[in-house]
Amino acid sequence: MINSLLNSIQNAITLSPAEVDIVTSLFKQKSYKKGEYFLEEGRICKQVGFVAKGLLRYYINHDGEEKIYDFSQENEYVCNYESFLPQLPSSKNIQALEDSEVFVISHADLQLFYANVRGGERFGRIAIEAVFVKLLQDISSLYTETPELRYERFLKNHADLQQRISQYHIASFVGVKPQSLSRIRKRNSTQF
C-alpha cells in the first residue's frame, strides 16, 4: 500500500532510493474503523494523511447540524491545514466513513521530509497549491451555484462516491435537506 503514497509523491518530484527510504520511515500506516475520527473538533491536527484505502468526510457542527464540506478517498491526502499549519485547535471534524488505511506523517516529521528529501519543499508547495485552488473553487461554488449545480459538480467530481455514501451525506455536502436532494435527483433523471 505504501506504493500508492510513493507514486503520489513521485508524480510531483523524483525520489532517489535513499529518499524512498526516508519517506517510508517518516510515514506510518494507521487504521481507522468506520466512525473513528482522524481529527475531532477542539483538538490540534497533528498529522497529514494519505488515504491508501477507505473514505473520510470533513464536517462542521453548526447549530447541532453536521455540515459536510469535503471528502478524502483513495490516493488523496487528508488534513485540516487550518489547524495543522499553525498547530491550533480545529473547529472541524474528519471522520472515517469506511474502514480506512491511512499513511500519516506528523508535523515534526513533515519538517524532516522537507529538509531531507530533495524537492520535498517543492512537493509541499504543489500539494498546498492544489488545496488552495480547491478551496477557492468551493467558496465560489457556495456563493454562486444553485444546489442543482452543486449536485451536478458532486457527480462530476465524485462519481464513484455516490455508491459509497448515504444520500444524507450527499445532501449535506450539496447544502440541502435529503428531501430536497430527492427532488433534485428526480428532476435530473427526467432531463436525460
Side-chain angles (χ1 to χ4, degrees), residues 4 8 30-85 88-102 104 127-192:
S4 58
S8 173
K30 192 164 179 189
S31 299
Y32 293 89
K33 295 285 184 201
K34 180 180 179 176
E36 199 173 337
Y37 285 88
F38 179 88
L39 174 66
E40 286 185 86
E41 180 180 351
R43 302 205 179 231
I44 295 171
C45 186
K46 297 194 176 287
Q47 59 195 9
V48 174
F50 177 82
V51 183
K53 177 181 165 281
L55 176 64
L56 297 97
R57 69 175 175 145
Y58 298 68
Y59 72 93
I60 299 168
N61 278 317
H62 181 72
D63 293 334
E65 187 178 347
E66 295 177 357
K67 298 195 178 263
I68 297 173
Y69 67 93
D70 206 0
F71 300 98
S72 286
Q73 60 186 10
E74 292 85 0
N75 300 313
E76 294 180 350
Y77 291 89
V78 57
C79 185
N80 176 359
Y81 295 99
E82 178 184 8
S83 170
F84 179 77
L85 294 174
L88 295 173
S90 174
S91 61
K92 296 157 180 78
N93 298 282
I94 303 175
Q95 182 185 37
L97 288 177
E98 301 174 348
D99 290 350
S100 300
E101 295 296 324
V102 181
V104 297
I128 207 68
E129 284 173 355
V131 169
F132 182 67
V133 168
K134 184 177 183 314
L135 176 67
L136 292 175
Q137 290 169 338
D138 289 346
I139 290 170
S140 176
S141 166
L142 183 65
Y143 286 108
T144 63
E145 291 179 352
T146 63
E148 289 83 0
L149 285 174
R150 285 197 305 277
Y151 178 65
E152 287 175 25
R153 190 167 56 87
F154 169 81
L155 293 177
K156 180 180 162 214
N157 295 338
H158 304 287
D160 56 320
L161 290 188
Q162 191 169 223
Q163 306 307 317
R164 294 172 67 182
I165 61 176
S166 70
Q167 295 305 302
Y168 170 81
H169 288 130
I170 294 172
S172 176
F173 180 76
V174 170
V176 297
K177 300 286 183 208
Q179 303 85 336
S180 297
L181 179 64
S182 293
R183 287 190 291 275
I184 291 168
R185 293 179 70 201
K186 186 174 182 178
R187 279 193 300 268
N188 280 359
S189 68
T190 59
Q191 290 175 357
F192 298 105

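Counting begins at 1 with the first residue of the sequence.
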Next on the checklist: Could you report the tightest heavy-atom contact between Gly49 and Val102, atom names first, then the distance?
Outcome noted: CA-CG1, 3.6 Å
Item to check | Atom of Leu56, atom of Ser100 and distance for their closest heavy-atom approach | outcome: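 That closest heavy-atom pairing would be CD1-OG, 4.2 Å.
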With a 4.5 Å cut-off on side-chain heavy atoms, are [Y] and [X] touching?
X: Ser4; Y: Glu74; result: no
X: Glu148; Y: Val176; result: no
X: Ser140; Y: Gln137; result: no

Checklist entry - Do the rings of Tyr32 and Phe38 sit parallel, tilted or perpendicular, given the 30° and 60° boundaries? => result tilted
Next on the checklist: Below 30° counts as parallel, above 60° as perpendicular, anything between as tilted: where do the rings of Phe84 and Tyr81 land?
Outcome noted: perpendicular
Item to check | Any side-chain donor near an acceptor of the partner, Ser180 and Arg183, under 3.5 Å | outcome: yes
Look only at the side chain of [X] and the backbone of [Y], and say whether a donor-acceptor pair between them is shorter than 3.5 Å.
X: Gln95; Y: Arg57; value: no
X: Ser141; Y: Arg150; value: no
X: Ser83; Y: Ile44; value: no

Item to check | From CG (Leu39) to SG (Cys79), nearest 0.5 Å | outcome: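 These two atoms lie 8.0 Å from each other.
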Item to check | From CG (Asp138) to CG (Asn157), nearest 0.5 Å | outcome: 9.0 Å
Next on the checklist: Quick one, Gln167 with Arg185, criterion side-chain hydrogen bond (donor to acceptor under 3.5 Å, both in side chains). Give me CA distance, side-chain angles, the key distance, then yes/no.
Outcome noted: CA-CA 11 Å; Gln167 295 305 302; Arg185 293 179 70 201; 2.7 Å; yes
Next on the checklist: Among Tyr59, Tyr69, Tyr58, Phe71, which residue satisfies the ring pair (Phe, Tyr, Trp, His ring centres under 6.0 Å) criterion with Phe173?
Outcome noted: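 Per the ring pair (Phe, Tyr, Trp, His ring centres under 6.0 Å) rule, the option paired with Phe173 is Phe71, out of Tyr59, Tyr69, Tyr58, Phe71.
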Next on the checklist: Run Glu41 and Ser90 through side-chain hydrogen bond (donor to acceptor under 3.5 Å, both in side chains) and show every step you take.
Outcome noted: CA-CA 5 Å; Glu41 180 180 351; Ser90 174; over 6 Å; no
Item to check | Positive for side chain to side chain donor-acceptor pair (under 3.5 Å) with Glu98, one of Gln73, Lys34, Arg164 | outcome: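 Only match with Glu98 under side chain to side chain donor-acceptor pair (under 3.5 Å): Arg164.
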